[in-house]
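We number each residue from 1, following the sequence as shown. For the numbers below, each heavy atom of this structure counts, side chains included, while hydrogens, waters and symmetry mates do not.
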Amino acid sequence: MSNKKKNHSWKQLPAHMAMLSLLYNCSSVSTGPRYLADDSGGPKSAYDVWGLLQQGATQYTANAVQVGGENIDGFNAGITFGAEKEASSGLITRIMGPNGEDFKRYISSLPDEKRKEFISDFLDNYVKNANGYRTYRTEEGVKVDLASDVKDIDGNAKVIDLEQLKGIDYKNASLEVLDEKFAKFVDMTEDRPMSFIKPSVKMKLFKAQMPGLAGTNFPKNYRSYITNFGLAQKYIEDAHGHYGGVGGGWEIGFTPQNSYAEFEEMVAWFRKTLKNAGQIFQSPGHQRMVFKAHADLPEAKLAELYRGIQALIVIDGIKGGTGIEKANYKGVQTDNGLASLRTSRGVIRLEGARWKEGTHGVEFRAGTKDLKLARFYQTVLASRVSANDFSGLSDIGDWSLWDGNVPSAQTLSERHGITTDVAQKALDNIRAGSLKYEFTLPLWDWTDANNPIVKANKRAIINSLSKDFFEQVAALNPESASIENEVRGLLRSWTKMTRLSDEFRRYLQPRRGLDTAADLLQFNLPEDGRRFVQDIVDVNNIDLGIEYSGKMPMMVNAEFTPDKLPDNKKAWIQTFGDLSEDEREAIIKNVAEDLHRSLGGDGVATKVEGGGGHGHGLELSYEIRDPKNRKWIVEWDGIGRTYTPNGDVIDGSARGGSIELVTPKFTPEIDDISAVYDSFSKNNILPNLLSGGGHINIDLAAFDGKPKELARFLTIFHENRSIMSLMFQHVNRVKTSEPIAISDTLRNQLKDFNGSEDDLKKLLYNEEYFNTRYGRKSRYLQLDMSAYFQDVIPEEFLTDDFDISNPTVPWRRQFRVDPRIRKAEFRMFNAPRDAAESALQIRLVKAMLSKALNETDSLSGKVQNVGHVDYLKNPAKAYEDLEKLCAQLGLEVDDFKPAVAEGLSETDLATRSIFFEPFEQKMRVHPKQVGWGDAVAPRETAIASEGRVWEPGAADELNTMTHEFRIQAAEEGERRRANISPDRHVPGQFKRTDSCVDAIGPLL
């Protein structure tokens, strides 16, 4: 598509944007506060801008942003967002159509008899509405009469005066009368006739399926189409024809929007407006950003950002099976091409100052229909160029990834330790499978030692996976009819297993810096006139313990049943690829040793033997002693595993999992936290919102002799738990630490508690401040207090931990306690992704501690019970609750706004997924259980649960479920695996080989 054809639509951007600013203020499309570019209140970091853009994505607040404090000349923003969409459907008539003259000309060109047939039918039905030509009901059940309910973008009514059309017997009227009345109708439409015709009738017009139209062609001179009244006037700029597809079609140009919020709102409106047969329309395939060029723009880093975005689009496209590697005009831009900041068409297209002097334009030609992906790279780019903040990014010339040259067989042989013959066969079969070399990711250069994304150990893993990829591609039959699917299947598996999508996201997303992290970690008493107790407790000196976690650098490639079995889970069938036991241990050891060095030690880590902490016998951990003689533990956690119906772990089924890094009990300093993330980064360990957590443990020694203050602490948490959860607990993680029901008795006694420590312990136990669900453990709640009230738990419930996943192990009422450990554990927190995010979580906990220990004002005791989805439906409520939390605790709202925005955005994306399962559905096999008895008198001699054997008792007879359904699931899984050999050869299914695993060991 030539520049000449499209230039006309973008030349008028300044005029359009000035008009749209006025129209937007007059419309009622968006609600909520506006963060206008010229009201920014000073410079913002890329992270701050990114937070504003996330807010706009779900709340549709028109938060335009500047670039370096300036707008594009003639615009109300420093960045604009536009799009184009190609299709051929008659659904275009829902938003635009032929103008009045073209419509009249079309009808007047009909032969007399045909014209008479059409007009008499159309006007007779329209005036009488006998067949609903002008009225219909929306999805919400609202009746719309297009003769009276049409409004323009400014809200002005546009009416068809039916009185001027009545009084005619249209079935018998003369052609002269019909022509006159039809002309009158069109004139009343004010040149936009499609605005006043029912959608289904417009489709029949477009297809020439109305009486009298058979054999004719509806006007399809799209360049002369005019928008319908309403939001189309704001969002649609123009249209023209194109020659793609059968018989050609149309391409519409969307008016560039002043803010990302309005852009997402525009896309949502377009997709819903063109919804058909229950399916919303596709997103615009080409999307464009134009932004002001900052005076000090680091072009080499901007090019690096483009390279990362292009790589992410390709990686996610292949991983998601979008067919990106087959699309026309979507070539991969080379490193040098991106460095020039001006390219031809490709996955992305860098347009330089094509649209306006002093700007940069970039067209995204792929990855736009995946909202999660598009929202990520568009907000990342906008936030970084807005703040001119490219921190954390290399210059594009510092390393290489794709130079446009296909590696020779000799080069592949040297890179991956394969023969040149195998390498050549692989190259030939890639071609035979119709896979373009530039999209064959293993051909990219992942060996560059200066690659800032992939560290040495991860490069070894990628190299080993690439070795297997080329060997397995080479072994395919090029004459096979399935060669294309087989090659693409191998590539897709390689892409998933490398976790490169996660790596690029971590690299590209703006973060808060260490200086900010250090500021967040230190909590100072609020200076807003509130009263404090005489003996102030410095909450910065209260000991904490934190459990950090991150995903392994390679993802499991395994086969599962397509359906869920009786235990509400998909059953594992076989694993095609995972880290070997030796690799996994090497990674855990490396993290521990790197942590030791980062903390000032000499890199010595000791393997822990016989840990047995989780009851499944698969423990693997290393510990270190830092120069302060504090113990840190690095272990394998979240282990996937599958059992036989007899309760034995199936050999080879232990898989995946995470790294968990457990700190000592300490007062964390920013250097300590930085050491954690330094060791993670060196080993490509990826903290992830969807899995793992960042459990903050509070040493309850701070509350010794202060039960009233501890009750206050719990009350403060309950008053704010929903907004805390939105910020720091992903919607798909609520099952692992759920918000438990708080009775009126409990909340009222806590907010004005005046009893003893023993009274508080008994109150918490008797009010069941623990998880009572069948199939869950008692500690699976947002704030686990069982270590505090362990002395009053009935003795029969203090037993060894048990393996909750083993189908033969009956569920039990059980608490895991240790008299030496008296803590409160926040299990709700997502795994923090950097030091600043960890500091923000710690700051929130410190603020609650300070409020509880240092203030005595009355508390409402009102328990927050707002779910993630509820907040998504009412984003204003989320920001209102954040304001209340920060006002109560003396926190800065702006520190936490990005977390609220991201929580809403992540909830939005998660709930759009076809795989989303509401919390209630997830818990259907986990009903709550009675039979917990009453708190006992505090024991003089404390009891540890470790080593105590569970004996079924009377309480177990009260269970509403048994573990039979889990055994049934295990039996069904075994039947599904009966004819499967884990080592079978599956053409087109990526399988990691033993030789590959052997080769990587020394590298790790």
Start with the C-alpha distance between Val473 and Ile430, add both sets of side-chain angles, then the distance that settles side-chain contact (heavy atoms from CB on, under 4.5 Å), and finish with yes or no. CA-CA 7 Å; Val473 170; Ile430 290 170; 4.0 Å; yes
Find out whether Asp445 and Trp399 are in side-chain contact, i.e. whether some heavy atom of one side chain is under 4.5 Å from a heavy atom of the other. no
Compute whether any side-chain donor of one residue and acceptor of the other, for Arg992 and Ser580, lie under 3.5 angstrom apart. no
Where Ala474 and Ala426 come nearest, the two heavy atoms and their spacing: CB-N, 3.8 Å
So Trp444 and Trp446, would you call those rings parallel, tilted or perpendicular, with 30° and 60° as cut-offs? parallel
How long is the gap from CG on Asn646 to CG on Asn806, to the nearest 0.5 Å? 10.0 Å
Nearest heavy atoms of Leu443 and Pro407, plus distance in Å: O-CG, 3.4 Å
CZ/Arg459: more than 12 non-hydrogen atoms of other groups inside 6.0 Å: yes
Salt bridge check: are Lys372 and Asp316 linked by an N-O gap of less than 4.0 Å? no
Short side-chain donor-acceptor distance under 3.5 Å, Asn450 and Asp398: no
Going by an N to O cut-off under 4.0 Å, is there a salt bridge joining Lys564 and Glu917? yes
Within-4.5 Å side-chain heavy-atom neighbours: Leu508 and Phe376: yes
Atom CG in Leu441, atom CG in Leu401: separation rounded to 0.5 Å? 8.5 Å
Carboxylate-amine/guanidinium proximity below 4.0 Å for Arg488 and Glu484: yes
Any ion pair linking Glu438 and Lys436 (charged N to carboxylate O, less than 4.0 Å)? no
One pair to check against side-chain contact (heavy atoms from CB on, under 4.5 Å): Ile650 and Glu974. What are the steps and the verdict? CA-CA 10 Å; Ile650 298 175; Glu974 189 171 69; over 6 Å; no
Within-4.5 Å side-chain heavy-atom neighbours: Glu585 and Lys607: yes
Any salt bridge between Glu503 and Arg506, counting N to O under 4.0 Å? yes
Within-4.5 Å side-chain heavy-atom neighbours: Thr498 and Val454: no
How close do Leu427 and Ser408 get, heavy atom to heavy atom, and via which atoms? CD1-C, 4.3 Å
Quick check for you: to the nearest 0.5 Å, what is the distance between Lys455 atom NZ and Ile685 atom CD1? 11.5 Å
Decide yes or no for Glu363 and Glu84: does some side-chain heavy atom of the first lie under 4.5 Å from some side-chain heavy atom of the second? yes
Considering only heavy atoms from C-beta outward, does the side chain of Glu304 approach that of Pro452 to under 4.5 Å? yes
Side chain to side chain contact (heavy atoms under 4.5 Å, CB included), paired with Gln333, selected from Gln310, Arg345, Arg307: Gln310
Parallel, tilted or perpendicular: rings of Tyr377 and Phe364 (30°, 60°): tilted
CD1-CG distance between Ile280 and Leu274, expressed to the nearest 0.5 angstrom: 11.0 Å
Glu635 versus Glu619: any side-chain heavy-atom pair under 4.5 Å? no
Is there a side-chain contact between Leu661 and Val634, using heavy atoms and a 4.5 Å cut-off? yes
Stepwise, does the side-chain contact (heavy atoms from CB on, under 4.5 Å) test hold for Arg976 with Asp563? CA-CA 11 Å; Arg976 305 271 186 112; Asp563 55 322; 2.9 Å; yes
Residue Lys569 excluded, over 12 heavy atoms near NZ under 6.0 Å: no
Check against side-chain contact (heavy atoms from CB on, under 4.5 Å), Thr379 and Ser905: CA-CA 12 Å; Thr379 56; Ser905 181; over 6 Å; no
Would a distance-only check, ignoring hydrogens and angles, find a side-chain to backbone donor-acceptor pair under 3.5 Å from Ser658 to Gly638? no
Kindly check if the number of other-residue, nucleotide or ligand heavy atoms within 6.0 Å of CD (Glu414) is above 12? yes
Is the distance between the ring centroids of Phe990 and Phe469 under 6.0 Å? no
Nearest non-hydrogen partners of Lys551 and Gly657, listed with the distance: NZ-O, 3.7 Å
Under a 3.5 Å threshold, yes or no: a donor from one side chain and an acceptor from the other, between Thr993 and Asp468? yes
Residues Arg733, Glu906: salt bridge by 4.0 Å N-O rule: no
Atom pair NZ/OG1 of Lys922 and Thr736 - distance to nearest 0.5 Å: 8.5 Å
Note: Pro807 and Tyr643 closest approach over all heavy atoms is CD-CB, 3.5 Å
Considering non-hydrogen atoms only, spot the tightest contact between Ile461 and Pro553 and give its length. CD1-CG, 3.9 Å
Which value, rounded to the nearest 0.5 Å, describes the distance between Asp502 atom CG and Ile453 atom CD1? 12.5 Å
Residues Arg975, Glu972: salt bridge by 4.0 Å N-O rule: yes
Check this for me: Lys425, atom NZ, are more than 12 non-hydrogen atoms of other residues, nucleotides or ligands nearer than 6.0 Å? no
